[in-house]
Amino acid sequence: MKKNLANLMAALSMAGLLASLSPFVMASEPVEAAVIRVAAEGATTQGDHDALAKLYEDAATELQAKVAEKKELLEHYEDKSYLYGRRAQDLQSHTHALIRNYEKSVRKNLQAAAMHRQIAGRLKENHASAEASMPEALSGL
(Lines give C-alpha, C1' and ligand atoms only; values in the text may rest on other atoms or scores of the structure.)
Protein backbone atom coordinates (compact mmCIF):
# COMPACT_ATOMS: atom_id res chain seq x y z
CA MET A 1 0.00 0.00 0.00
CA LYS A 2 2.80 2.41 0.94
CA LYS A 3 4.66 1.51 -2.26
CA ASN A 4 1.58 2.30 -4.39
CA LEU A 5 1.15 5.61 -2.58
CA ALA A 6 4.81 6.45 -3.14
CA ASN A 7 4.48 5.61 -6.86
CA LEU A 8 1.37 7.76 -7.10
CA MET A 9 3.14 10.69 -5.43
CA ALA A 10 6.14 10.30 -7.75
CA ALA A 11 3.85 10.28 -10.79
CA LEU A 12 2.02 13.39 -9.59
CA SER A 13 5.33 15.14 -8.94
CA MET A 14 6.53 14.31 -12.44
CA ALA A 15 3.25 15.52 -13.95
CA GLY A 16 3.58 18.77 -11.99
CA LEU A 17 7.13 19.25 -13.20
CA LEU A 18 6.14 18.68 -16.82
CA ALA A 19 3.18 21.04 -16.48
CA SER A 20 5.39 23.75 -15.03
CA LEU A 21 7.94 23.37 -17.84
CA SER A 22 5.40 23.45 -20.67
CA PRO A 23 5.12 27.28 -20.70
CA PHE A 24 8.93 27.42 -20.89
CA VAL A 25 8.89 25.35 -24.06
CA MET A 26 5.96 27.27 -25.55
CA ALA A 27 7.59 30.64 -24.84
CA SER A 28 10.17 30.14 -27.55
CA GLU A 29 7.50 29.39 -30.16
CA PRO A 30 5.24 32.24 -31.35
CA VAL A 31 1.59 32.06 -30.41
CA GLU A 32 -0.46 30.18 -33.01
CA ALA A 33 2.80 29.38 -34.79
CA ALA A 34 1.34 26.70 -37.03
CA VAL A 35 -1.51 28.95 -38.20
CA ILE A 36 0.85 31.81 -38.91
CA ARG A 37 3.34 29.56 -40.69
CA VAL A 38 0.67 28.16 -43.01
CA ALA A 39 -0.68 31.64 -43.73
CA ALA A 40 2.82 32.96 -44.45
CA GLU A 41 3.48 30.21 -46.98
CA GLY A 42 0.38 31.15 -48.96
CA ALA A 43 0.66 34.94 -48.70
CA THR A 44 0.73 36.57 -52.12
CA THR A 45 -1.43 39.71 -51.96
CA GLN A 46 -1.25 42.94 -50.02
CA GLY A 47 -4.24 41.82 -47.95
CA ASP A 48 -2.54 38.53 -47.09
CA HIS A 49 0.54 40.33 -45.79
CA ASP A 50 -1.53 42.87 -43.87
CA ALA A 51 -3.44 40.00 -42.23
CA LEU A 52 -0.16 38.25 -41.38
CA ALA A 53 1.23 41.44 -39.84
CA LYS A 54 -1.92 41.68 -37.72
CA LEU A 55 -1.50 38.05 -36.58
CA TYR A 56 2.10 38.70 -35.56
CA GLU A 57 1.13 41.90 -33.74
CA ASP A 58 -1.68 40.10 -31.88
CA ALA A 59 0.74 37.34 -30.89
CA ALA A 60 3.20 39.96 -29.61
CA THR A 61 0.44 41.61 -27.59
CA GLU A 62 -0.49 38.28 -25.98
CA LEU A 63 3.14 37.60 -25.15
CA GLN A 64 3.55 41.08 -23.66
CA ALA A 65 0.62 40.32 -21.35
CA LYS A 66 2.39 37.12 -20.31
CA VAL A 67 5.58 39.08 -19.65
CA ALA A 68 3.69 41.45 -17.36
CA GLU A 69 2.11 38.48 -15.56
CA LYS A 70 5.48 36.76 -15.08
CA LYS A 71 7.07 39.99 -13.84
CA GLU A 72 4.39 40.24 -11.16
CA LEU A 73 5.03 36.62 -10.23
CA LEU A 74 8.78 37.25 -10.07
CA GLU A 75 8.22 40.22 -7.80
CA HIS A 76 6.14 37.98 -5.53
CA TYR A 77 8.86 35.32 -5.48
CA GLU A 78 11.46 37.95 -4.60
CA ASP A 79 9.36 39.64 -1.91
CA LYS A 80 8.08 36.41 -0.33
CA SER A 81 11.01 34.07 -0.92
CA TYR A 82 10.74 32.88 2.68
CA LEU A 83 7.49 31.14 1.76
CA TYR A 84 9.20 28.87 -0.75
CA GLY A 85 12.27 27.79 1.19
CA ARG A 86 14.96 26.20 -0.94
CA ARG A 87 12.78 26.37 -4.04
CA ALA A 88 12.71 30.19 -4.01
CA GLN A 89 15.86 30.65 -6.08
CA ASP A 90 14.77 27.98 -8.55
CA LEU A 91 11.39 29.65 -8.98
CA GLN A 92 13.01 33.03 -9.46
CA SER A 93 15.51 31.81 -12.05
CA HIS A 94 12.82 29.86 -13.89
CA THR A 95 10.61 32.95 -14.01
CA HIS A 96 13.54 35.08 -15.22
CA ALA A 97 14.11 32.57 -18.03
CA LEU A 98 10.42 32.66 -18.99
CA ILE A 99 10.48 36.44 -19.12
CA ARG A 100 13.58 36.44 -21.34
CA ASN A 101 12.02 33.90 -23.71
CA TYR A 102 8.70 35.75 -23.90
CA GLU A 103 10.49 39.05 -24.57
CA LYS A 104 12.59 37.40 -27.29
CA SER A 105 9.41 36.05 -28.90
CA VAL A 106 7.79 39.49 -28.69
CA ARG A 107 10.76 41.00 -30.57
CA LYS A 108 10.64 38.26 -33.23
CA ASN A 109 6.90 38.70 -33.72
CA LEU A 110 7.20 42.47 -34.04
CA GLN A 111 10.05 42.10 -36.55
CA ALA A 112 7.96 39.66 -38.60
CA ALA A 113 4.98 42.04 -38.46
CA ALA A 114 7.15 44.93 -39.66
CA MET A 115 8.51 42.80 -42.49
CA HIS A 116 5.01 41.84 -43.67
CA ARG A 117 3.84 45.47 -43.40
CA GLN A 118 6.81 46.43 -45.59
CA ILE A 119 5.95 43.73 -48.14
CA ALA A 120 2.31 44.85 -48.15
CA GLY A 121 3.46 48.45 -48.73
CA ARG A 122 5.60 47.41 -51.68
CA LEU A 123 2.74 45.42 -53.18
CA LYS A 124 0.46 48.44 -52.76
CA GLU A 125 2.99 50.67 -54.53
CA ASN A 126 3.40 48.16 -57.37
CA HIS A 127 -0.37 47.87 -57.73
CA ALA A 128 -0.78 51.66 -57.76
CA SER A 129 1.93 52.12 -60.38
CA ALA A 130 0.42 49.34 -62.51
CA GLU A 131 -2.99 51.03 -62.37
CA ALA A 132 -1.46 54.40 -63.26
CA SER A 133 0.22 53.01 -66.34
CA MET A 134 -2.84 51.00 -67.40
CA PRO A 135 -4.70 53.83 -69.23
CA GLU A 136 -1.57 54.65 -71.24
CA ALA A 137 -1.28 51.07 -72.39
CA LEU A 138 -4.95 50.95 -73.35
CA SER A 139 -4.83 54.26 -75.25
CA GLY A 140 -2.14 52.90 -77.55
CA LEU A 141 -4.55 50.26 -78.86
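Atoms considered below: every heavy atom in the structure, side chains included; atoms not considered: hydrogens, waters and symmetry mates. As the structure is a prediction and not an experimental result, all values here were calculated from the model.
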So the salt bridge (Lys or Arg N to Asp or Glu O under 4.0 Å) pairs with at least one residue in residues 75-85 (sequence neighbours excluded) are none
Please collect all salt bridge (Lys or Arg N to Asp or Glu O under 4.0 Å) contacts where either partner lies in residues 110-127, sequence neighbours excluded, each pair once.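 Listed by first then second residue: Asp50-Arg117, Glu57-Arg117.
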Distance check, rounded to the nearest 0.5 Å: [X] atom [atom1] versus [Y] atom [atom2]?
| X | Y | atom1 | atom2 | answer |
| --- | --- | --- | --- | --- |
| Asn109 | Leu63 | CG | CG | 6.0 Å |
| Leu98 | Lys71 | CG | NZ | 13.0 Å |
| Leu74 | Glu69 | CG | CD | 12.5 Å |

His49 meets the ring-ring contact (aromatic ring centres under 6.0 Å, His included) criterion, sequence neighbours left out, with His116
**Prompt:** In chain order, what residues pass the ring-ring contact (aromatic ring centres under 6.0 Å, His included) check against His96, with sequence neighbours excluded?
**Reply:**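 Not a single residue meets the ring-ring contact (aromatic ring centres under 6.0 Å, His included) criterion with His96.
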- Counterpart residues, side chain to side chain donor-acceptor pair (under 3.5 Å), relative to Ser81 (two or more places apart):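 Applying side chain to side chain donor-acceptor pair (under 3.5 Å) to Ser81 gives none.
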Open item on the list: So which atom in Thr95 and which in Lys70 form the shortest heavy-atom distance, rounded to 0.1 Å?
Closed with: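 For Thr95 and Lys70, the tightest heavy-atom pair comes out as CG2-O, 3.4 Å.
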Residue list, salt bridge (charged side-chain N to carboxylate O under 4.0 Å, His left out) with Lys54, at least two apart or on another chain:
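Salt bridge (charged side-chain N to carboxylate O under 4.0 Å, His left out) list for Lys54, sorted by chain: Asp58.
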Note: with side-chain heavy atoms under 4.5 Å as the link, the other cluster members for Leu123 come out as Met115, Ile119
Excluding Tyr82, membership of its hydrophobic cluster (Ile, Leu, Val, Met, Phe, Trp, Tyr; side-chain heavy atoms within less than 4.5 Å) reads Leu73, Tyr77, Leu83, Tyr84, Leu91
_Can you confirm whether Leu110 sits close enough to Val106 that some side-chain heavy atom of one is under 4.5 Å from a side-chain heavy atom of the other?_
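In contact.
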